[in-house]
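Taking it in order: structure first as structure tokens, then the write-up.
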Amino acid sequence: MSAKPIIVWFRNDLRLADHRALSAAVANGAAVVPVYIHDLKAAGDWAPGSASLWWLHHSLSALTASLSDIGAPLVLRSGDTEDELAAIAAETGATGLYFSRAYEPWARAQEERVRARFSGSTGIAVKRFASAMLREPEDVRTKAGDPFKVYTPFWRALTALGPPSAPLPAPKTVTSLDKKIISEKLADWKLLPTKPDWAGGMRETWQPGEQGAHARLETFLKTALDGYSDRRNLPAVDGTSRLSPHLHFGEISPHLCWHRATAAREKAGSGDAALETFLKELVWREFSYHLLFHWPTLPEQPFKTEFARFPWDEDAVRRKAWQRGQTGYPIVDAGMRQLWHTGWMHNRVRMIVASFLIKHLLIPWQSGEAWFWDTLVDADLASNAASWQWVAGSGADAAPYFRIFNPVTQGEKFDAEAAYVRHWVPEIAKLPDDVIHAPWTASATVLAKAGVVLGKSYPLPIVDHAAARQRALDGYAAMRA
DNA sequence: TTTTGAGTTGTTCGA
DNA sequence: GTCGAACAACTCAAA
């Protein structure tokens, strides 16, 4: 009785609400065959890292459950994407293949191959839908028709187009196929760590999946949007949205975040800076996608080409100290340990640790990008690449080269009571506020009283700030000469 | 085509 | 202790 089935190919759009491909398939009256294909090869060097795979497992598990609830169980397959889609199309007699658009260079190439595979007389209508961006990258242009390279004009142009489209409701029921389609078992993909199981901190911190995403958004709107402009900078405070991993996996759409936040503030009766700051953060994500789309080498090559000449100083020992949170600078070490433990790091601290790796240690930004890629649950090709290049000074609309964060000053300014440092660097927790961000300045008595032995229980600084700063400035001067 | 105003997130130095 | 200037020109986007 129902029309021929439509395959809905899920990618990083692991949700039911505001899912245009799914809604279109449902509206068509067709039986819906939802599919997810585990194909790490397609992503090449940018296959998800360990932390992302942990998240992916739980997000797929959640999606499986919610799709079953509305009547269409998720089909899991692994292997080559085009082959698997073709096989499922043959098994189901599908007449349509619907999916959400992606913007990573490898994902774009994959879309082209899928289109090619189903073009011609296969009888399968391939339809691509917008999903992850507020506006498509082709639609935000300068008056000359070029893509933007500076954030503020990009923001103005985007907002001048009006609010993003309103989110679609999740389908309540879906017609499923009469026939049973073979699905693999999620557990067999072995996405979770076993020996050792390092994901304890992540389980405590996160609830992956669409439901978790919506809960996170509502909590944020209720508890943190007030005062967001300032409190988002304090790492000891839960003042950020923490939506990044949910957005990366598409468990919630940026459109929905935009509209819910706007509506929440209207009810509160105040149009204001807090809302605008949050919307601007959404648009920073958008700007990163825009850059990656128009400059696909962004993850590998410096956007400003002269940075290929920067005199880097690759040092494996120092890199390791940075990765493990053993640099001797408490705010840096706290951030790196938070990352290792929870798969996430506060945004303010990301800037500090990134500046430290690049400018104090002169280690190439690509090295930090790779570490973040493997350890962050919100690892996102566009945001990660654009942000590392921003700190390095090599990106579009980047930080000026002379902006070198002082890790002591930053700690004192944004973690004044050192609650963040004490939590993540417990071996120095007993140091008093006035020296905890620079333990080497403490007197012997103060150190002894706090039970700190520098060089033993906590490292001495691996570089001297003033000397490192000068070395970085000299490096930039050499590059420009 | 030329001109003009503007550009996320900081630090240091010296008055 | 506080404050403004220097850091260095450069490129982008729009008029």
Side-chain angles (χ1 to χ4, degrees), chain A residues 140-161 227-235 237 239-241 244 273-288 290-291 294-295 302-307 310 329 331-332 335 345-360 365 382-384 386-416 434 437-438 463-481:
Chain A
V140 186
R141 300 268 185 185
T142 67
K143 296 229 160 110
D146 300 322
F148 283 96
K149 296 177 177 175
V150 177
Y151 174 77
T152 303
F154 177 80
W155 157 263
R156 289 199 196 107
L158 186 130
T159 48
L161 294 171
Y228 177 69
S229 309
D230 299 320
R231 287 164 59 86
R232 62 185 284 273
N233 273 314
L234 307 177
V237 170
T240 65
S241 78
S244 51
L275 175 64
E276 178 161 304
T277 308
F278 176 63
L279 298 183
K280 280 191 164 161
E281 291 304 314
L282 286 178
V283 174
W284 269 101
R285 172 184 174 278
E286 186 87 1
F287 186 51
S288 299
H290 173 91
L291 293 175
H294 291 291
W295 290 274
F303 183 87
K304 293 181 183 169
T305 50
E306 69 265 30
F307 275 75
F310 191 86
Y329 285 91
I331 191 77
V332 174
M345 194 194 306
H346 188 277
N347 179 251
R348 164 61 49 180
V349 189
R350 291 190 198 199
M351 290 190 279
I352 301 170
V353 304
S355 175
F356 190 85
L357 183 78
I358 295 167
K359 298 182 177 179
H360 286 74
W365 58 268
S383 299
N384 199 36
S387 301
W388 275 97
Q389 292 228 41
W390 185 84
V391 176
S394 64
D397 202 17
Y401 70 87
F402 52 81
R403 181 176 294 150
I404 297 169
F405 285 66
N406 180 328
V408 177
T409 312
Q410 286 283 311
E412 288 168 350
K413 194 167 166 192
F414 296 107
D415 190 31
D434 60 339
H437 289 293
V463 288
D464 172 68
H465 168 68
R469 178 173 187 276
Q470 194 51 53
R471 190 168 74 125
L473 290 173
D474 294 345
Y476 283 98
M479 179 190 85
R480 299 163 66 83

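Here is the naming used below: chain letters follow the sequence lines, and residue numbers restart at 1 for every chain.
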Watson-Crick or G-U pairs under 3.5 Å in DNA chain B, rendered as dot-bracket with [ ] for crossing pairs and | for another strand: .||||||..||||||
Close N/O contacts between protein and nucleotides 1-5 of chain C (under 3.5 Å):
none

Distances under 3.5 Å only, N/O to N/O: pair up the protein atoms with those of nucleotides 11-15 of chain C.
{"from": "C/dC12", "atom 1": "OP1", "to": "A/Lys149", "atom 2": "NZ", "distance (Å)": "3.2"}
{"from": "C/dA13", "atom 1": "OP1", "to": "A/Lys149", "atom 2": "N", "distance (Å)": "2.4"}
{"from": "C/dA13", "atom 1": "OP1", "to": "A/Val150", "atom 2": "N", "distance (Å)": "3.2"}
{"from": "C/dA14", "atom 1": "OP2", "to": "A/Lys143", "atom 2": "N", "distance (Å)": "3.2"}

Pick out the pairs of N or O atoms, protein on one side and nucleotides 12-15 of chain B on the other, that lie under 3.5 Å.
{"from": "B/dT12", "atom 1": "OP1", "to": "A/Asn406", "atom 2": "ND2", "distance (Å)": "3.3"}
{"from": "B/dT12", "atom 1": "OP1", "to": "A/His465", "atom 2": "NE2", "distance (Å)": "2.7"}
{"from": "B/dT12", "atom 1": "OP2", "to": "A/Asn406", "atom 2": "ND2", "distance (Å)": "3.1"}

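Atom CG in A/Leu234 sits 8.5 Å away from atom CG in A/Asp415 (nearest 0.5 Å).
Separation of the P atoms belonging to B/dT11 and C/dC10 is 25 Å when rounded to the nearest angstrom.
For the side chain to side chain donor-acceptor pair (under 3.5 Å) test, no residue two or more places apart in sequence or in another chain qualifies with A/Ser383. In terms of the salt bridge (Lys or Arg N to Asp or Glu O under 4.0 Å) criterion, A/Arg469 has no residue partners (sequence neighbours excluded). In this structure, A/Glu412 has no salt bridge (Lys or Arg N to Asp or Glu O under 4.0 Å) partners at least two apart in sequence or on a different chain. Remark: A/Thr277 pairs with A/Ser229 by the side chain to side chain donor-acceptor pair (under 3.5 Å) rule, at least two apart or across chains. Remark: A/Lys280 pairs with A/Glu276 by the salt bridge (Lys or Arg N to Asp or Glu O under 4.0 Å) rule, at least two apart or across chains. Checked against side chain to side chain donor-acceptor pair (under 3.5 Å), A/Thr142 has no partners two or more places apart in sequence or in another chain. Under the salt bridge (Lys or Arg N to Asp or Glu O under 4.0 Å) criterion, A/Arg348 pairs with no residue at all, not counting sequence neighbours. A/Trp388 is linked by a side chain to side chain donor-acceptor pair (under 3.5 Å) to A/Asn384, counting only residues two or more places apart in sequence or in another chain.
Aromatic pair A/Phe405/A/Phe356: centroids not less than 6.0 angstrom apart.
Side chains of A/Asp474 and A/Gln470: a donor-acceptor N/O pair is present below 3.5 angstrom, by distance only.
Ring planes of A/Phe154 and A/Phe287: tilted class, angle from 30 to 60°.
Per the geometry, CD belonging to A/Glu281 stands 12 Å off P belonging to B/dT9, to the nearest Å.
Here the side chain of A/His360 pairs no donor or acceptor atom with the backbone of A/Ala472 at under 3.5 angstrom.
Taking only side-chain nitrogens and oxygens, A/Gln410 never comes nearer than 4.0 Å to OP1 or OP2 of B/dT9.
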